[in-house]
Structures are given as structure tokens and as C-alpha cells.
Amino acid sequence: MEKAIDKELMSHLLRLEKDQQDRVLNYIKEMIASEEMESRAETSEQDIASGKVKSFDQFNTNYENWKIQKRASSK
């Protein structure tokens, strides 16, 4: 992704009033945050599918089994 502002975009931004610029900025921030969350979610799903990390259900099952074993060994 090229990190430069397009001249046409800049010219249109400069024509906006302050409140309009604020709305555009908020929209851009929301769009970037949404794209970042989607990317992280996709990466997490791939990591779970490939076994790099455990899903919550897997972790919870392992934890419950650990608690049962811990109780049994402490008797």
C-alpha cells in the first residue's frame, strides 16, 4: 500500500468544511479499524485451523480436564 495522498483526494478534502472533514476522518478511522480487525480475525482463524493456537473450546476442555486430574492427584 503506497503511503501517499492522491492529489484529487487532497483537493476534495480541502474544499470541505471543518465538520465535514471531521466526519470524513472518523469514517476513515472506522474503515481502517474494521479492516485491521478483519485481518486479525482471519489470521486467528488460520492459526486455530493450523493448530498454532487453541480455540476457546479446546482451552476450556483442557482446563476442565486439568482441574479433574488435579483434584484426583491431591486425594
Side-chain angles (χ1 to χ4, degrees):
M1 181 161 114
E2 187 179 332
K3 305 258 180 172
I5 297 177
D6 182 84
K7 288 180 184 179
E8 183 180 7
L9 173 60
M10 182 62 81
S11 68
H12 282 79
L13 289 173
L14 291 171
R15 294 172 58 192
L16 297 175
E17 298 293 330
K18 175 69 174 132
D19 65 319
Q20 294 171 319
Q21 290 179 11
D22 290 341
R23 287 187 298 199
V24 170
L25 180 59
N26 287 335
Y27 175 78
I28 291 169
K29 287 178 179 180
E30 289 172 8
M31 183 176 59
I32 290 170
S34 176
E35 288 177 3
E36 287 174 350
M37 286 190 299
E38 287 177 19
S39 175
R40 289 178 184 168
E42 288 175 10
T43 300
S44 294
E45 289 172 0
Q46 291 170 357
D47 288 347
I48 290 169
S50 67
K52 290 182 181 176
V53 294
K54 295 182 181 183
S55 68
F56 175 76
D57 291 336
Q58 290 171 325
F59 175 82
N60 196 35
T61 300
N62 290 348
Y63 177 70
E64 293 300 325
N65 290 337
W66 174 83
K67 286 192 323 188
I68 291 168
Q69 290 176 354
K70 186 77 171 168
R71 287 184 193 137
S73 67
S74 65
K75 288 183 180 181

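Note that the structure is a prediction, hence the values are computed from the model and not measured.
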Considering all heavy atoms of both residues, which atom of [X] and which atom of [Y] are nearest to each other, and what is their separation?
X: Q21; Y: L16; answer: NE2-O, 3.1 Å
X: E8; Y: S11; answer: O-OG, 2.8 Å
X: E17; Y: Q20; answer: N-OE1, 2.8 Å

Value for CD1 (I48) from OG1 (T43), rounded to nearest 0.5 Å, stands at 11.0 Å

Output for pair (L9 CG, H12 NE2), nearest 0.5 Å, gives 9.0 Å

Side-chain heavy atoms under 4.5 angstrom apart, residues restricted to Ile, Leu, Val, Met, Phe, Trp, Tyr: same cluster for [X] and [Y]?
X: F59; Y: V53; answer: no
X: L13; Y: I32; answer: yes
X: F56; Y: Y63; answer: no

Candidate pair Y27 and R23, rule side chain to side chain contact (heavy atoms under 4.5 Å, CB included), full reasoning: CA-CA 6 Å; Y27 175 78; R23 287 187 298 199; over 6 Å; no

Side-chain (S44) to main-chain (R40) donor-acceptor, under 3.5 angstrom: yes

Counting N and O atoms only, with roles assigned by atom type, does the side chain of S39 sit under 3.5 Å from a partner on the main chain of E35, one being a donor and the other an acceptor? no

request  = Count the heavy atoms of every other residue, nucleotide or ligand shown that sit under 6.0 Å from NZ of K67, and state whether that count exceeds 12.
outcome  = yes

Query - Over 12 foreign heavy atoms within 6.0 Å of CG, L14 - result: yes

